[in-house]
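Quick notes on the structure that follows.
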Amino acid sequence: MRKHIVAGNWKMNTTVAEGVELAKAVAAKAAEVPAEVKLIIAPPFTHLYPVAEAIKGTAIGLSAQNCADHTKGAYTGEVAVDMIAGVGCEYVILGHSERREYYGETSAKLVEKVKLALEKGLSPIFCIGEKLEEREAGRHFEVVTEQVKDVLFTLTAEEMSKVIVAYEPVWAIGTGKTATAEQAQEIHAEIRKVLAEKFGALAEEISILYGGSCKPSNAKELFACPDIDGGLIGGAALKAEDFIGIAVSF
Ligand code: PGA
């Protein structure tokens with residue numbers, strides 16, 4: 001069976017103190033979540049060390065929100081995979097649409113980052129998704145297929161087995177507009193079909209998460225879809241109650 005995963009992307013929110021408090025609140029409620037659901041939190045870089053301490057001894061996984069495309073050296077402001085792994089991260093979000101859009105991350109750059117993360121033993125949470133104008137032009141399947149092929153098709157099957165995919169339609173992120181369960185399911189199934197072209201039966205084992213205004217009130221319907229294996233949660237991950245409310249929706 002595929003892993004069920006609910007991951008919280010805190011983005012650029014909370015102070016360190018607030019972040020530690022939030023992590024503790026999530027940890028305190030984690031027992032409410034069925035054991036087969038993996039919880040992951042992705043705080044800002046500055047919070048990783050104290051948050052790792054705060055969730056020590058729990059089953060909650062720690063993720064960074066990005067990493068550098070080089071291993072070390074003169075790259076002012078960047079954070080390397082070694083540093084992330086060194087503070088206890090097991091995951092790293094890569095290719096989020098905000099990074100693609102505001103920081104010019106291309107597929108070529110993402111190939112580097114995904115490979116470096118995998119070499120360090122980190123599991124990338126690799127994000128894909130179409131923009132509103134692409135969906136309106138009926139190009140959503142084409143866009144996500146290209147995003148998958150450009151980056152994930154460069155991996156070996158062994159590497160791919162460590163990757164978590166997150167489908168996040170850009171028009172649904174932080175907008176309050178969620179994809180309908182039908183819209184999400186059909187594209188998740190398509191993503192899995194594309195993965196199967198290259199990786200065969202392994203595609204059935206890859207967790208594909210939905211992201212974009214996912215909240216306790218709509219998670220149940222989304223998670224009931226056969227190809228939706230969990231969620232990547234932004235806004236609703238900033239409240240322990242909502243984050244856990246989503247995770248109990250399986
Ligand atoms: P949202 O963000 O839940 O606030 O829409 C999701 C994401 O960007 O990962």
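Just so you know, ligand 1 is whichever comes first in the structure, and atom 1 is the first atom listed for that ligand.
- E168 OE2, 2.6 Å is the protein heavy atom nearest to atom 9 (O) of ligand 1.
- Those atoms of ligand 1 that come under 4.0 Å of a heavy atom in K11, given as number and element, are 2 (O), 7 (C), 8 (O).
- In terms of N/O distances under 3.5 Å, ligand 1 is approached by S213.
- A salt bridge does not link E134 with K131: none of the charged nitrogens is closer than 4.0 Å to a carboxylate oxygen.
- Against a heavy-atom cut-off of under 4.0 Å, H96 is close to the following atoms of ligand 1: 7 (C), 8 (O), 9 (O).
- Regarding atom 3 (O) of ligand 1, its nearest protein heavy-atom neighbour is G234 N, 2.9 Å.
- For ligand 1, one of its N or O atoms has an N or O atom of G235 under 3.5 Å away.
- There is no side-chain donor-acceptor pair under 3.5 Å between E133 and W171.
- By the 30° and 60° cut-offs, the orientation of the rings of F223 relative to F250 is parallel.
- Distances below 4.0 Å separate heavy atoms of A172 from the following atoms of ligand 1: 5 (O).
- The residues K193 and E190 are annotated as salt-bridged, a charged nitrogen and a carboxylate oxygen being separated by less than 4.0 angstrom.
- Salt-bridge check for K120 with D82: passed, with a basic side-chain N closer than 4.0 Å to an acidic carboxylate O.
- Here's the thing with A236: none of its N/O atoms is less than 3.5 angstrom from an N/O atom of ligand 1.
- With respect to the salt-bridge test (charged N to carboxylate O, under 4.0 angstrom), the residues K24 and E21 do not qualify.
- H70 and Y75 have parallel rings, their planes meeting at less than 30° on a 0 to 90° scale where 60° marks the start of perpendicular.
- Of all atoms in ligand 1, numbered sequentially from 1 with element shown, those under 4.0 Å from a heavy atom of N9 are 9 (O).
- The option from C214, G211, G129, G174 that lies nearest to atom 5 (O) of ligand 1, judged by heavy atoms, is G174.
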